[in-house]
Amino acid sequence: MGTAGAENEATVGDRRQLINVAYRLLGSLTEAEDAVQEAYARWYALPRGRQEETVSPGAWLTTVTGRVCLDVLGSARARRERYVGAWLPEPLPAHTERDGPGAGLADPADQMVLDESVTMAFLVVLESLTPAERVAFVLHDVFRYPFAEIADILRRTPAACKQLAASGRRRVRDARTRAAPAVQADVVRQVKAAWERKDIAALVDLLDPAAVMTADGGGRAGTVLRPVEGGGRIAPYMVAIADKAPGLELLERSVNGAPGLVARRDGVVVTVAAFDVAEGRVSRIWVVRNPEKLRPWVG
């Protein structure tokens, strides 16, 4: 049975949802947009008769987007093995906090719903899942798709998809937000103040002794290639950066829906830092400096 206005429904009503799904599956806004564009390209390549026969264009697009993302995830590990240094997901600003001449213009980042499922801690853990686990878990636990639909995407039985989602759920359990937003914001604010004062002792007090800082420069911006472990090592490193970067402006910003910091030089965002806070101290810091991953921050 055909659906009237299927073309308009497919082109307008579902794009926001597809971008949100694809970003959580891929951890890259650029790759998410490409996956959604590919899904729409395949939709428009269908004969008119096939489009009219499609009862739910949105469901069709979701299935195709999911399969495209599954293919991308399958090849991502090999590509990331060649990546210079650590690979981190692309950080996203709140749409009200974008900087630069393009701020306020239509952008995929403006279509993102920023919630617990896009925090840096959550996305980093998702990277440890197999592609099938990630698709099953994200679609079911985050977006509440039934296993029958997920089975069509993964080309597996609903029972197998349920097992995949359960496996993913166990592995991401510890990535759920542990500190209330107000607590995290206060700790991040104190980190900013201590960094600006170049106060190593204060930074050490704010960092968990077992804290880990991971940085992503992608070979395009200078940064450490391996994680820095321990608050006693991270604090001096942060102060050393302050010494080497005169004129750097540090701002409190929402990063993937959680309190974070953004560094600007001459009005241009050059670094975005996300934090995980537990028991009043910073336990993880993720620093993104690869300029290709900072495009949503400059419009």
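For clarity, every value in this text was computed on a predicted model and none was experimentally measured.
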### Query
Is it true that a side-chain atom of T54 and a backbone atom of R50 form a donor plus acceptor pair closer than 3.5 Å?
yes
### Message
Just verifying a value: how many Å separate E116 CD and T119 OG1, rounded to the nearest 0.5 Å?
### Response
6.5 Å
### Task
Give a yes or no answer on whether the side chain of S167 reaches the backbone of Q163 with a donor-acceptor pair at less than 3.5 Å.
no
### Task
Identify whether L248 and V262 are in the same connected component of the hydrophobic contact network (ILVMFWY, side-chain heavy atoms under 4.5 Å).
no
### Residues R169, E133: salt bridge by 4.0 Å N-O rule
no
### Task
Might you confirm whether atom NZ of K192 has over 12 heavy atoms from other residues, nucleotides or ligands at distances under 6.0 Å?
yes
### Lys/Arg N to Asp/Glu carboxylate O, R24 vs D115, below 4.0 Å
yes
#### Entry: Side-chain (K293) to main-chain (L88) donor-acceptor, under 3.5 angstrom
yes
### Task
Go through the steps to decide whether W286 and V272 satisfy the test side-chain contact (heavy atoms from CB on, under 4.5 Å), and finish with yes or no.
CA-CA 8 Å; W286 297 280; V272 173; over 6 Å; no
### Query
Would a 4.5 Å heavy-atom cut-off, applied to side chains only, mark F143 and T62 as touching?
no
### Message
Just checking D243: does its CG atom have more than 12 heavy atoms from other residues, nucleotides or ligands closer to it than 6.0 angstrom?
### Response
yes
### Message
Once rounded to the nearest 0.5 Å, what's the spacing between atom CZ of R253 and atom CZ of R264?
### Response
6.0 Å
### Message
Is there a path of hydrophobic side-chain contacts, each under 4.5 Å between heavy atoms, that joins V255 and L261?
### Response
no
### Query
Okay, side chain of R284, backbone of A121: is any donor-acceptor separation there less than 3.5 Å?
no
### Query
Is R189 salt-bridged to E252, cutoff N-O under 4.0 Å?
yes
### Message
Set out, in order, the CA-CA distance, both residues' side-chain angles and the distance that settles side-chain contact (heavy atoms from CB on, under 4.5 Å) for V118 and L92, then state yes or no.
### Response
CA-CA 9 Å; V118 293; L92 293 180; 5.6 Å; no
## Note on the structure
One should read off an interatomic distance between I200 CD1 and L207 CG, to the nearest 0.5 angstrom, of 11.5 Å
### Task
Using atom types as modelled and distance alone, determine if a side-chain donor or acceptor of W195 lies under 3.5 Å from a backbone N or O of M238.
yes
Side-chain polar contacts of residues 219-233 - donor-acceptor pairs under 3.5 angstrom, sequence neighbours left out - could you list them?
| residue | atom | partner | partner atom | Å |
| --- | --- | --- | --- | --- |
| R220 | NE | E292 | OE2 | 3.4 |
| R220 | NH2 | E292 | OE2 | 3.1 |

### Query
Considering residues, nucleotides and ligands other than R156, do more than 12 of their heavy atoms fall under 6.0 Å from its CZ?
no
### Task
Say whether I19 and W43 are linked into one hydrophobic cluster, either directly or through other cluster members, by side-chain heavy-atom distances under 4.5 angstrom.
yes
### Message
Do the side chains of D152 and R67 get close enough for a salt bridge, i.e. N-O under 4.0 angstrom?
### Response
yes
### Task
Taking the side chain as every heavy atom from C-beta outward, state whether V269 and P93 have any atom pair closer than 4.5 Å.
no
### Minimal non-hydrogen separation, V191 against L206, with atom names
N-CD1, 3.6 Å
### Query
Considering only heavy atoms from C-beta outward, does the side chain of R15 approach that of Y40 to under 4.5 Å?
yes
### Message
Main chain of L25, side chain of R134: is a donor-acceptor contact present, judged purely on distance under 3.5 Å?
### Response
yes
### Task
Could you verify whether a donor N or O on one side chain and an acceptor N or O on the other, from R16 and N20, lie under 3.5 Å apart?
no
### Message
Go through it in stages, so that I can follow the logic: the residues are E90 and T30, the test is side-chain contact (heavy atoms from CB on, under 4.5 Å), and I'd like the CA-CA distance, side-chain angles, deciding distance and then a yes or no.
### Response
CA-CA 9 Å; E90 290 183 18; T30 302; 3.4 Å; yes
### Task
Considering non-hydrogen atoms only, spot the tightest contact between V288 and P89 and give its length.
CG2-O, 4.0 Å
### Task
Begin with the C-alpha distance, continue with both residues' side-chain angles, and end with the deciding distance and a verdict on side-chain contact (heavy atoms from CB on, under 4.5 Å) for L73 and V135.
CA-CA 9 Å; L73 287 170; V135 171; 4.2 Å; yes
### Task
For residues N290 and G218, report the shortest heavy-atom separation together with the two atoms involved.
ND2-CA, 3.8 Å
### Query
Between the side chains of Q37 and R42, does any donor sit under 3.5 Å from an acceptor?
no
### Query
Should the pair W87 and Y83 be assigned to parallel (<30°), tilted (30 to 60°) or perpendicular (>60°) ring geometry?
perpendicular
### Task
May I ask whether V287 and V298 are part of the same hydrophobic cluster, defined by side-chain heavy atoms of I, L, V, M, F, W, Y residues being less than 4.5 angstrom apart, directly or through others?
no
### Message
Hydrophobic cluster membership, with links at side-chain heavy-atom distances under 4.5 Å among I/L/V/M/F/W/Y: are V212 and V282 in one?
### Response
no
### Task
Measure across D199 and V239 and return the closest heavy-atom pair with its distance rounded to 0.1 Å.
N-CG2, 4.4 Å
### Message
Going by salt bridge (charged side-chain N to carboxylate O under 4.0 Å, His left out), name the residues that satisfy it together with E149, two or more places apart in sequence or in a different chain.
### Response
none
### Message
For the residue pair N256 / Y23, report whether a side-chain donor-acceptor contact shorter than 3.5 Å exists.
### Response
yes
### Task
Over all heavy atoms of both residues, which pair between P158 and A151 is shortest? Give the atoms and the distance, please.
N-CB, 3.8 Å
### Message
Tell me the closest heavy-atom pair linking T63 and I153, and the distance in Å.
### Response
CA-CG1, 3.7 Å
### Message
Let me confirm one number: the CG-CG distance from L123 to L26, rounded to the nearest 0.5 Å.
### Response
10.5 Å
### Message
Is any side-chain heavy atom of R289 closer than 4.5 Å to one of D216?
### Response
no
### Message
Using 0.5 Å steps for rounding, measure from the CD1 atom of I234 to the CD1 atom of I285.
### Response
5.0 Å
### Message
Check the orientation of F147 and H140. Use parallel for under 30°, tilted for 30 to 60°, and perpendicular for over 60°.
### Response
parallel
### Query
In Å and rounded to the nearest 0.5 Å, what is the CG to CD1 distance from L139 to I150?
5.0 Å
